[in-house]
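Protein chains get the first letters and strands the later ones, always in sequence-line order, with residue 1 at the start of each.
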2 protein chains.
Amino acid sequence: MRADAKKNYDHLLEIGRAVVAEQGAEASMRDVARRAGVGIGTLYRHFPTREALLEALLRESFDQLTASASTLEISSSPADALTGWLRAMIALTHSHRGVIASMTAAIASPDSALHASCVMLRASGARLLERAQAEGQARGDIDGTDLLALVSALAWLNDQPPFAARVDHLFDLIASAILVRK
Amino acid sequence: MRADAKKNYDHLLEIGRAVVAEQGAEASMRDVARRAGVGIGTLYRHFPTREALLEALLRESFDQLTASASTLEISSSPADALTGWLRAMIALTHSHRGVIASMTAAIASPDSALHASCVMLRASGARLLERAQAEGQARGDIDGTDLLALVSALAWLNDQPPFAARVDHLFDLIASAILVRK
DNA sequence: ACCTGAACACCGTTCAAGT
DNA sequence: ACCTGAACACCGTTCAAGT
């Protein structure tokens, strides 16, 4: 990548992060380009789709979340590892309002720039779930997709002002439905 | 209302129903006016906001849902009444893709045309919940807003293609978390 | 009273022309 | 190789002018 291109790329990513933090995942692409001081075409050259920008924005967080699944698997009980990871998922999406809808859509769209990351996250969660199931700590009739659905639903509630304050409570309700009473 | 106005109103409602059925609650207002064969201003005269159109569209269904809460309260056990009503809520929103987000927002916006209906629905659900709680059939640490949040989350999942097929299963999981083991 | 649609201020996305 | 921004095809919403 040419030096000027790299500079634009980095700057667009930085501005994109700020704009998404302010306006959410449906932020105006035009606004990102405008505030970065580049032509709209430059934005599209570096990030051909909104999902490509979101993916670049969340790359690091996705990797951290995947890494934390491995750490939790070693350091915590199956039940604690699972709930800890679910909480981390919700925290990540909450700091990027609206991104959960893009992530959900990406699961069904192999061509989405977010597809691979979301499939990886589902696999991380599934791994923790299966471990808890193997130890008899989680109910056996759900799979990784069910788990992703439940955490996505909580993430969505977290983005709805009337419900956001109750997500901690509802998290406990759902977590205790997943985990088998000891 | 003048006869020509009434005709436009009824026709817009009919076309609006069809367009929302096809494109969901975020359907193009312009498209509704276009397909109804009236000027865009006529649409806005009869339905000043998107929520006003949705409210008119759903009026009958909302009333049926409220009525069914009363019926269930008399005819069924507290637990069956509650789950039956929750299923009806999900079915209603599922036949109007995307409307759950508008309804959720309306709860926090007293000026929304959907506000009163959503508050009524929450009250209907709360009534069935409180009855189940009084009989010891539902856990006591949730209220009408929690219940609305849970059913809204399921309704949202029902609109997400990767998860729609699992909503019945997840409904059972959440219902059994609300209901106290007999 | 009611209807119309031009007008305004936005979008997302593409692509010919420039450097 | 990369950048630019006009151009296209849309939006939601308002409001002066017509019937």
B/Arg34 and B/Asp31 ion-paired at < 4.0 Å: yes
Touch class at under 4.0 angstrom, heavy-atom based, for B/Ala3 against every strand present: nothing
Nearest-angstrom distance from the residue atom CZ of A/Arg45 to C1' of D/dG5: 15 Å
A/Arg50 CZ - C/dT14 P separation (whole Å): 13 Å
Distance, rounded to the nearest Å, where A/Tyr44 contributes OH and D/dA1 contributes P: 24 Å
Value in whole Å for how far the C1' atom of C/dT14 lies from CD1 of A/Ile40: 11 Å
Closest-nucleotide 5' rank along DNA chain C - winner of A/Ser28 and A/Gly41: A/Ser28
Partner nucleotide of D/dA16 by Watson-Crick or wobble geometry (both distances under 3.5 Å): C/dT4
CE-CG distance between A/Met103 and A/Leu92, expressed to the nearest 0.5 angstrom: 6.0 Å
Sidechain N-carboxylate O distance under 4.0 Å for B/Arg97, B/Glu22: no
Short side-chain N/O contact to C/dC2 OP1/OP2 from B/Asn8, under 4.0 Å: no
Geometric class of the B/Trp156/A/Trp156 ring pair [parallel <30°, tilted 30-60°, perpendicular >60°]: parallel
Touch class at under 4.0 angstrom, heavy-atom based, for B/Ala27 against every strand present: sugar-phosphate
Under 4.0 angstrom between B/His46 side-chain N/O and C/dC2 OP1 or OP2: no
B/Arg35 atom CZ, over 12 foreign heavy atoms within 6.0 Å: yes
Separation of C/dT14 C1' from A/Phe47 CZ (nearest whole Å): 19 Å
Rounded distance in Å - NZ (B/Lys6) to C1' (C/dC2): 16 Å
Base-pairing assignment for D/dA9 (Watson-Crick or G-U wobble, both under 3.5 Å): none
A/Arg34 CZ to D/dA6 P, straight-line distance once rounded to whole Å: 13 Å
Nearest-angstrom distance from the residue atom CG of B/Asp31 to C1' of D/dC10: 11 Å
Distance-only donor-acceptor test (3.5 Å): side chain B/Arg30, base D/dG12: yes
Sugar-phosphate only, base, or nothing, as touched by A/Thr42 at under 4.0 Å among non-hydrogen atoms: base
